[in-house]
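The structure appears right after this line, and notes come after that.
A note on names: the letters A, B, ... follow the listed sequences, proteins ahead of strands, and every chain is numbered from 1.
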2 protein chains.
Amino acid sequence: MVDAAETPTLTDAEWTVMRAVWQGSPCTARDVLERVADSGWAYTTVRTLLQRLVDKGAVAMRLRGNTSVYEARLREQDAKQSAVRSLLQKAFDGSFGALLTHLARTERLTARDRARLQRLLDEQPEERS
Amino acid sequence: MVDAAETPTLTDAEWTVMRAVWQGSPCTARDVLERVADSGWAYTTVRTLLQRLVDKGAVAMRLRGNTSVYEARLREQDAKQSAVRSLLQKAFDGSFGALLTHLARTERLTARDRARLQRLLDEQPEERS
DNA sequence: GCCTGCATGCTACAGATGTAGTAGTAACTG
DNA sequence: CAGTTACTACTACATCTGTAGCATGCAGGC
């Protein structure tokens with residue numbers, strides 16, 4: 001009852017920045033800019049997004065000299081889990097099983113994926129409601 | 001190259017309306033309003049959302065008497081697939097396997113889910129790339 | 001000491017989203 | 001026929017998102 005409860009929701013652009021931050025956590029805006037180079041974003045855009053993430057509590061900011069240093073506060077695991085939950089709610093009636101069924105039906109599973117799914121089935125301990 | 005290519009992206013509110021539409025497809029705005037009763041939305045809100053969906057091509061509208069009748073154009077399967085793809089891109093580096101791994105780690109399967117998934121795995125023919 | 005460069009804190013602004021309200025009109029109801 | 005309903009087309013408007021620009025200040029080089 002502690003973790004993914006108050007996870008902030010991230011927009012697409014914010015996900016891009018968070019991925020960069022997670023890539024190496026105490027980092028500067030300049031670092032992030034480099035990591036998201038292909039986005040073509042301006043430095044100030046990265047800055048704005050980082051600020052919004054700070055506002056949301058997803059990253060922490062502190063000063064080192066006159067430079068802001070950012071550090072992830074939201075854990076990648078939690079963000080992912082939250083994103084999955086959100087998808088589950090809006091598109092799969094909240095049912096994890098419905099999602100799996102959909103995946104198995106529509107996604108092309110590689111042999112590796114199939115094996116992984118199988119393992120998921122075999123390993124997961126029986127549910128005790 | 002026909003199906004989920006040009007699938008429009010749905011917002012959360014739009015998902016809610018689409019779910020109602022899929023529930024019984026040629027239907028009126030009033031029908032939708034009833035189906036989403038718990039949302040507490042005003043009739044005009046539903047109307048606006050339906051209009052936006054029409055604009056996006058997700059539903060078709062035609063007149064019967066002086067009443068608009070809406071019909072899903074976007075298939076539920078395609079919408080779901082698109083939503084999954086989108087999640088994959090932003091949170092799992094586009095890797096289906098990464099999503100599975102995450103699911104295996106964090107989500108719980110009910111016995112029913114397990115059975116269903118197992119059946120799908122057994123049934124689905126081996127992939128040939 | 002002054003210029004150049006990089007950092008910072010604001011401000012901006014269009015388009016998307018959530019959530020309606022209003023005005024005009026067609027239809028049912030006594 | 002007049003009032004009450006119900007439907008439609010438009011308009012509204014605060015936020016959120018994507019994507020920056022600007023004014024300013026400190027720090028190092030010449």
Side-chain angles (χ1 to χ4, degrees), chain A residues 7-21 26-71 74 79 82-83 86-87 89-91, chain B residues 7-21 26-71 74 79 82-83 86-87 89-91:
Chain A
T7 304
T9 294
L10 305 178
T11 68
D12 284 2
E14 286 165 357
W15 264 99
T16 299
V17 170
M18 280 309 291
R19 270 184 266 122
V21 172
C27 65
T28 68
R30 195 60 60 181
D31 291 336
V32 171
L33 179 62
E34 276 164 29
R35 294 174 192 170
V36 302
D38 7 350
S39 70
W41 281 339
Y43 174 75
T44 49
T45 298
V46 168
R47 221 74 223 315
T48 300
L49 290 170
L50 278 168
Q51 187 52 52
R52 288 181 185 169
L53 286 168
V54 168
D55 293 345
K56 289 186 176 184
V59 312
M61 165 169 52
R62 77 188 133 76
L63 285 177
R64 186 175 58 201
N66 79 327
T67 298
S68 300
V69 176
Y70 300 89
E71 180 156 18
L74 171 62
S82 168
S86 165
L87 173 68
Q89 286 316 308
K90 80 176 162 208
Chain B
T7 304
T9 294
L10 304 178
T11 68
D12 284 1
E14 287 165 354
W15 263 99
T16 299
V17 170
M18 279 312 289
R19 270 185 264 122
V21 172
C27 66
T28 69
R30 194 61 60 181
D31 291 336
V32 171
L33 179 61
E34 276 164 28
R35 294 175 191 169
V36 302
D38 8 350
S39 71
W41 281 338
Y43 175 75
T44 49
T45 298
V46 168
R47 220 71 222 317
T48 300
L49 290 170
L50 278 168
Q51 187 53 53
R52 288 182 186 168
L53 286 167
V54 168
D55 292 346
K56 288 186 175 186
V59 313
M61 165 171 49
R62 79 189 131 75
L63 285 176
R64 187 176 58 199
N66 81 325
T67 298
S68 301
V69 175
Y70 300 89
E71 180 157 17
L74 172 61
S82 166
S86 164
L87 173 68
Q89 286 316 308
K90 78 176 164 210

Interatomic distance where CG belongs to B:Leu50 and C1' belongs to C:dG18 [whole Å]: 14 Å

Whole-Å gap separating P (C:dA16) and CD (B:Glu14): 11 Å

Nearest-0.5 Å distance, CG of residue A:Leu10 to OG of residue A:Ser86: 10.5 Å

Pull out every protein N or O sitting under 3.5 Å from an N or O of nucleotides 19-22 of chain C, one pair per line with the distance.
from   : atom 1 : to      : atom 2 : distance (Å)
C:dT19 : OP2    : B:Trp41 : NE1    : 3.2
C:dT19 : O4     : B:Arg52 : NH2    : 3.1
C:dA20 : O5'    : B:Thr45 : OG1    : 2.6
C:dA20 : N7     : B:Thr48 : OG1    : 3.3
C:dA20 : N6     : B:Thr48 : OG1    : 2.5
C:dG21 : N7     : B:Thr44 : OG1    : 3.3

For chain B, the stretch of DNA chain D it reaches, first to last nucleotide, under 4.0 Å of its heavy atoms: D:dC7 to D:dA9

Test log, rule side-chain contact (heavy atoms from CB on, under 4.5 Å), inputs B:Leu50 and B:Val21: CA-CA 9 Å; B:Leu50 278 168; B:Val21 172; 4.1 Å; yes

A:Lys56 NZ to A:Met18 CE distance, which is reported to the nearest 0.5 Å: 10.5 Å

C:dT8 OP1/OP2 closer than 4.0 Å to side-chain N/O of A:Ser68: yes

Nearest-0.5 Å distance that lies between atom CD in A:Glu14 and atom CG in A:Leu74: 10.5 Å

Heavy-atom pair with the smallest gap, counting every atom of B:Val46 and B:Ala29: CG1-O, 3.9 Å

Value rounded to 0.5 Å, distance of CZ in B:Arg30 from CZ in B:Arg47: 9.5 Å

Nearest-angstrom distance from the residue atom CD of A:Gln51 to C1' of C:dA12: 16 Å

B:Thr16 OG1 to B:Trp41 CH2 distance, which is reported to the nearest 0.5 Å: 4.5 Å

Counterpart residues, salt bridge (charged side-chain N to carboxylate O under 4.0 Å, His left out), relative to B:Arg62 (two or more places apart): B:Glu71

Partner set under ring-ring contact (aromatic ring centres under 6.0 Å, His included) for A:Trp15, not counting sequence neighbours: A:Trp22

For atom OH of A:Tyr43 and atom C1' of C:dT8, their distance in whole Å: 8 Å

Short side-chain N/O contact to C:dA7 OP1/OP2 from A:Arg47, under 4.0 Å: no

Any residue of residues 54-64 of chain A with a heavy atom less than 4.0 Å from an atom of DNA chain D: none

Distance (rounded to the nearest 0.5 Å) between B:Gln89 CD and A:Asp12 CG: 10.5 Å

A:Asn66 or A:Asp12, whichever maps to the more 5' nucleotide of DNA chain D: A:Asp12

Partner set under side-chain hydrogen bond (donor to acceptor under 3.5 Å, both in side chains) for B:Gln51, not counting sequence neighbours: B:Asp55

